[in-house]
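Got a structure here, written out as structure tokens. Questions coming.
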Amino acid sequence: MAELNIRERQAGDVTILDMDGKITIGEGSVSLRSAVQRLMKEGKKKILLNLANVSYVDSSGIGELVSSYTTITNGGGQLKLLNLTQKIQGLLAITKLLTVFDSYEDEATALNSFK
Amino acid sequence: MTGETTLLRFPSRVEAIDDATAAATEAARRSGLPEDVVFGIDMAVREAVTNAVVHGNGRDETKSVEVGVTSRGSALVITVRDEGAGFDPSSVPDPTDPQNLLKASGRGILFMRTFMDEVEWERHPEGGTVVRMTKRRGSQ
């Protein structure tokens, strides 16, 4: 069973990645990285990561979220987070990254925030 | 279980990190620590084992990571030993410093120090580096 399953859907010009599983060193982090790199190549630069079903993130997973953010942002795009669990919020607070990411609790508001 | 040490050995493969973390976490749970504390121990042990596999042993599968768990009345002590050449924790940049915030790595030790009460590194007399992490009972 894959550590991280990613389902992709489109809402206008925003790509939503619904993630299910763990974003940790190894397979999970690689899956996220591959998905974001592929979207960049396809010219899809507005990305919303839905973390509602992400059960576990380690420091490598946090690093992968940061890498995804910098890859998209440096490429002129936007990457935002949706449905942070309490645990993930806690980890982003510990790492002082809460103010770096735009994060939302409902999809409609998140989608409207993309410029 | 009081004063008893569980010692487990794992190969230096990323795939073994889950097994090592699960074993330590289960020992923590059996020692009677509450679930929110067990979560923090899980996070800290995962980072320590990852560092041992990736940095200490360079993902060399011929080298092992040894995880020790000792439950005492007052605290749970977890050790993670690698076979590496040594490590200076003061050489790791602060990941919460603004100039480091967007770096892709370097947050593992921060998690270890956040979730455990004490974290110390020392050279093992028979070689390798040992990180000793302590969680006192009753602390958050």
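Values below: every heavy atom of this structure, side chains too, minus hydrogens, waters and symmetry copies. Below, read A as the first sequence line, B as the second, and so on, with proteins coming before strands; counting in each chain starts at 1.
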- request: Search all heavy atoms of B:R107 against all heavy atoms of A:L97 and return the closest pair with its distance.
  value: NE-CD1, 3.9 Å

- request: List the atom of A:I94, the atom of B:L110, and the distance in Å for their closest heavy-atom pair.
  value: O-CD2, 3.7 Å

message: Are B:V14 and A:E27 packed together at the side-chain level, in the sense that at least one heavy-atom pair is separated by less than 4.5 angstrom?
response: no

- request: For B:R113, look at atom CZ and say whether over 12 heavy atoms of other residues, nucleotides or ligands are found less than 6.0 Å away.
  value: yes

message: Side-chain heavy atoms nearer than 4.5 Å, only ILVMFWY residues, links allowed to pass through others: does that put B:I41 and B:F10 together?
response: yes

query: How close do A:D58 and B:F111 get, heavy atom to heavy atom, and via which atoms?
result: C-CE2, 4.0 Å

query: Does a sphere of radius 6.0 Å around CD in B:E35 hold more than 12 heavy atoms from other residues, nucleotides or ligands, not counting ones at 6.0 Å or beyond?
result: yes

task: Any chance you could measure B:K103, atom NZ, to A:S67, atom OG, to the nearest 0.5 Å?
output: 12.5 Å

statement: Residues passing the ring pair (Phe, Tyr, Trp, His ring centres under 6.0 Å) test with A:Y69, sequence neighbours excluded, are A:F101

Pairwise distance CD(A:E3) to CG(B:D18) - rounded to 0.5 angstrom: 5.5 Å

message: Around atom NZ of A:K96, are there more than 12 heavy atoms from other residues, nucleotides or ligands closer than 6.0 Å?
response: no

Pairwise distance OG(B:S105) to CD1(A:I25) - rounded to 0.5 angstrom: 10.0 Å

Heavy-atom contact with chain A under 4.5 Å, split by part of B:D42: both

query: Under a 4.5 Å heavy-atom cut-off, does chain B meet the side chain of A:T95, its backbone, both or neither?
result: both

query: In the single-linkage hydrophobic clustering (I, L, V, M, F, W, Y; side-chain heavy atoms under 4.5 Å), do B:V77 and B:M116 co-cluster?
result: no

query: More than 12 foreign heavy atoms under 6.0 Å from CZ of A:R9: is that the case here?
result: yes

message: Quick one, A:T24 with B:R46, criterion side-chain contact (heavy atoms from CB on, under 4.5 Å). Give me CA distance, side-chain angles, the key distance, then yes/no.
response: CA-CA 10 Å; A:T24 57; B:R46 169 173 286 276; 3.9 Å; yes

